[in-house]
Amino acid sequence: ELQAAKAAPRVNLNSAIYYTQSNSSSFNEMIALPNERWTQNTQESFNLGYSEKTYWLKVTLDSINDTERYLVEVKNPVIDNLTIFIVQNDKVAAQYFLGDKQPFNMRPITHPHFVFPLPDLSQPTTIYVHVDTSSSMQVPLFMWSEVAFYRADQTRQLIIGIYFGLMGIMAVYNLLLYASIKDNTLLFYVAYVSSMTLFYLSLSGVGFQYFWPNSLWWNDQSIVIFLLCSILFGVLFIIQLLDLKTTRKYLFYGCKAIFCCTLLVLFLSAFLNYSSVIQITIYLAVFACVWGVSCGATRLVDGSTLAIYYTIAWGAALGGGVILAANKFTLIDRTWFSEHALLIGTSIEVACLSFAIAERIRFEKRKRYDVQNRLVATQKIQNEQLELQVKNRTHELQKVVSQLELANNTDHLTQIANRRKFNQSLTEECARAIRFKHPLSLLLIDIDFFKLINDEHGHQVGDNCLVHIATLLTQCCDFAGDMVARYGGEEFCILLPELTSTDAFEMAQNVRSAIQNTPYHTPQVTIPMTVSIGVYTSIDTHAYPDKLIQYADAALYDAKKLGRNRVNTYGDSIRQQ
Ligand SMILES: Nc1nc2c(ncn2[C@@H]2O[C@H](COP(=O)(O)OP(=O)(O)OP(=O)(O)O)[C@@H](O)[C@H]2O)c(=O)[nH]1
C-alpha cells in the first residue's frame, strides 16, 4: 500500500506495484486472487523486459483528503494493450482501455503517454492494470496532481520541441546544402537524421498523437521501419563520409554486410511478429553503432581529422542506444537519464556530425583550391614558355622579314640598292621636295664602252668591274640621305636631296674623276674605266619622279653623244671635262 503524501505533486508508484503473470484477462479472477500470488516490484521502475506473457499489476492508494484532481501516467507510449480498473469499496469506479493498439482518440486524456484520471481519493483506491504487449514489458507508473502534471508536461514538450526542431533544422539545412554542392554525403546524412527523428517521433508516441492517430498497424511498424532506415542510411553515410571504399576495404565490406542484413530484416518485418523484429533490430542497431565507432577509430588512427568529430558523434549515439537497449532488456533501471539517453546521444551526434561534414567540405574545398593553385601555376609557366616562344619566333620572323626586305631592295651583284628601292625612295624624296620646295638632284651614270670590257675580259670580270664601280659610287656619297642604286645593267644612279644644280654637278664631277682615277685591278690586268653622267635638278614644286628620270636620262644621252667621260646637266650648255 502506498502512503501517498497529501501534497506530493508527483508520486512514483513503481515500488508500490504488485504484479502477477496470468494469461487470464478476467478482472473478477484477479480481484479474487490471494495476496501470496502477487509479487512486489522492487525496482525503481516496473520493467520485465521482452516477454511473450501478459501481466496484471495492482497498486493500492491510501485515502487522501484534499480536493485536488489526480492523474496516473503510464510513461511508456508503446505498450500494446492496457486495461485499467479503478476499484473503490470493492466496486469498479472507472475503467479504461488504453494502449497503442487502441485508436488515439479513445484516450481519456490527450497525451502521447497513457494518462488517466483518478476518481475522488477520499477513500482507499486500488488500481488494477492488465498489460499485454509485444514490446518490452515496461510499465512505469506515476501519480500526479493534475496541476503538477501539466506544469511538468510543458518541460517535456519543450525538450521534445527543441529536439525535433534541432533535427528538422539539421535535415533542411543539409538538404539545401546538398542542393547547392551535390555531395552524396549530405544526402545520406539528411536521410539518416530524418530517419532518426521519425524513429524518435514514433518511440515517444508523438507520431501517434499528431500524425497517424488512427493507423494502428503503422504505429506498430513505424518504430521498426524508421529504426531500420536509420541503420541503412547511417551505414551509407559512414561509407561516404569516411571514404571507406578507397581507404579501408574491410570496414567497407563490414558496412555492406550490415546494410544487407538490415535490408533483410526490413523485408522479414512484413512476416515476423513485432516482438521478434524489434529485438533483432535493436541488436542490429547496437552492432551497427559499435561498427560505426570502430570505423571512426580506425580512420582516426589513419590521421583523418574529421574522424575526431565523427567518433565523438557515433560514440554519443552508441552510448544513447546502448543505454536505451539496456533499459529495454531490463539491464538497467528506467530513469530520466536512461529514458532520454537516446535523445541526448543523438542530439550530440547530429551536432558533431555537422562539424564532421563542415570539416569534410573544408577539406574538399582545400583540395580543390590546391588543385586550382597547381593548375594556375602550371598554366602560368606554360604561358611564360609560350610567350617566350612567341617572342623568339616573332624576333626570328622580324629578322627574316627584314632580310627579305633587304634582299628585295638590294641588287644581288653589287649589294647596293636596286631599282625597286630606288623608285620607292625617289617617290618619297619627290614628295618631300615638293612639300618643302627644296631642290632634288638626280645623277644617271653609265659606264662607257662596257661591252668591250665584257668582250675582252669575260663576263665574270665585267661583273667584278660593276661591283668596283658600285663601291666607288658609295664611297663618294657619304652624306646622310644620299642614295646610290643600280639602275640596271651597267647603269647606276645617285639621288641627292637638297642639292642644288651646281652642287649636283660638282658631285657628279667628283664621281666621274674618282672612277677615271681608280681603275679595276685583276692579278693579270688593270682595267681603266670612265663614266658618262646625266644630271637633273628639280626646283620649287617640280619634283616629279618620271620627269627627273626622263631629264637626267636625256642629259646622259647628250653626254654620250658628246664623247663620253663627261658630266652633262639637263638644259645647261655642255661643259667639256
Ligand atoms: N658582266 C656584265 N655585263 C652586263 C651586265 N648588265 C649589262 N651588261 C653588259 O653591258 C653592256 C652594255 O653595252 P652597250 O649598251 O652597248 O653599251 P656600252 O658598251 O657600255 O657602250 P656605251 O654605253 O655606248 O658607252 C652589254 O654588253 C651587256 O651585256 C651585267 O650584269 N654584267
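Indexing begins at 1, ligand by ligand and atom by atom, following the structure's order. For the single chain, residues carry numbers from 1 onward in sequence order. Everything quoted here is computed from the prediction, not taken from an experiment.
The closest protein non-hydrogen atom to atom 6 (N) of ligand 1 is G489 CA, 3.3 Å. Ranking protein heavy atoms by distance to atom 23 (O) of ligand 1, first place goes to K560 NZ, 3.0 Å. Scanning all protein heavy atoms for the shortest distance to atom 30 (C) of ligand 1 gives L466 CD1, 3.4 Å. With respect to atom 17 (O) of ligand 1, the closest heavy atom belonging to the protein is E490 OE2, 3.8 Å. In terms of protein heavy atoms, atom 27 (O) of ligand 1 is closest to K451 CG, 3.4 Å. Nearest to atom 32 (N) of ligand 1 among the protein's heavy atoms is D463 OD1, 2.7 Å. Closest to atom 20 (O) of ligand 1 among all protein heavy atoms lies F450 N, 2.8 Å. The protein non-hydrogen atom at the shortest distance from atom 31 (O) of ligand 1 is R486 NH2, 2.8 Å.
Proximity of the aromatic rings of F226 and F199 is defined here by a centroid distance below 6.0 angstrom, and this criterion is not met. Aromatic rings from Y189 and F237 are positioned such that their centres are separated by under 6.0 Å. Separation of the Y570 and Y536 ring centroids falls under the 6.0 Å cut-off.
The shortest side-chain heavy-atom distance between R299 and Y310 does not fall under the 4.5 Å cut-off. Considering only heavy atoms from C-beta on, I549 comes within 4.5 Å of L442 through its side chain.
Near D446, with a cut-off below 4.0 Å to any heavy atom, the atoms of ligand 1 are 23 (O). Close contacts of ligand 1 with G462, meaning ligand atoms under 4.0 Å from a residue heavy atom, involve 1 (N).
Contact annotation for N454 and ligand 1: only side-chain heavy atoms (C-beta onward) come within less than 4.0 Å of the ligand. If you look at M529 next to ligand 1, there are no close heavy atoms at all, none under 4.0 Å. For R564, every heavy-atom contact with ligand 1 shorter than 4.0 Å involves the side chain, none the backbone. Neither the backbone nor the side chain of D455 comes within 4.0 Å of ligand 1, counting heavy atoms alone. With a heavy-atom cut-off of 4.0 Å, L452 does not touch ligand 1 at all.
In terms of N/O distances under 3.5 Å, ligand 1 is approached by I447. The distance criterion of under 3.5 Å between nitrogen or oxygen atoms is met by F449 with respect to ligand 1.
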task: Could you check S538 against L440 for side chain to side chain contact (heavy atoms under 4.5 Å, CB included), going step by step and ending with a plain yes or no?
output: CA-CA 5 Å; S538 73; L440 177 62; 3.7 Å; yes
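Of the N and O atoms on the side chains of R393 and Q389, not one donor lies less than 3.5 Å from an acceptor on the other residue. In summary, the side chains of T197 and Y163 do not present any donor paired with an acceptor at a separation below 3.5 Å, with no hydrogens or angles considered. Inspection of the D448 and T530 side chains reveals an N or O donor paired with an N or O acceptor under 3.5 Å. Side-chain atoms of S230 and S195 include no donor-acceptor pair closer than 3.5 Å.
The protein does not reach atom 14 (P) of ligand 1 closely, with no heavy atom under 4.0 angstrom from it.
Aromatic ring pairs are classed by plane angle as parallel below 30°, tilted from 30° to 60° and perpendicular above 60°; the pair F164 and Y200 is tilted.
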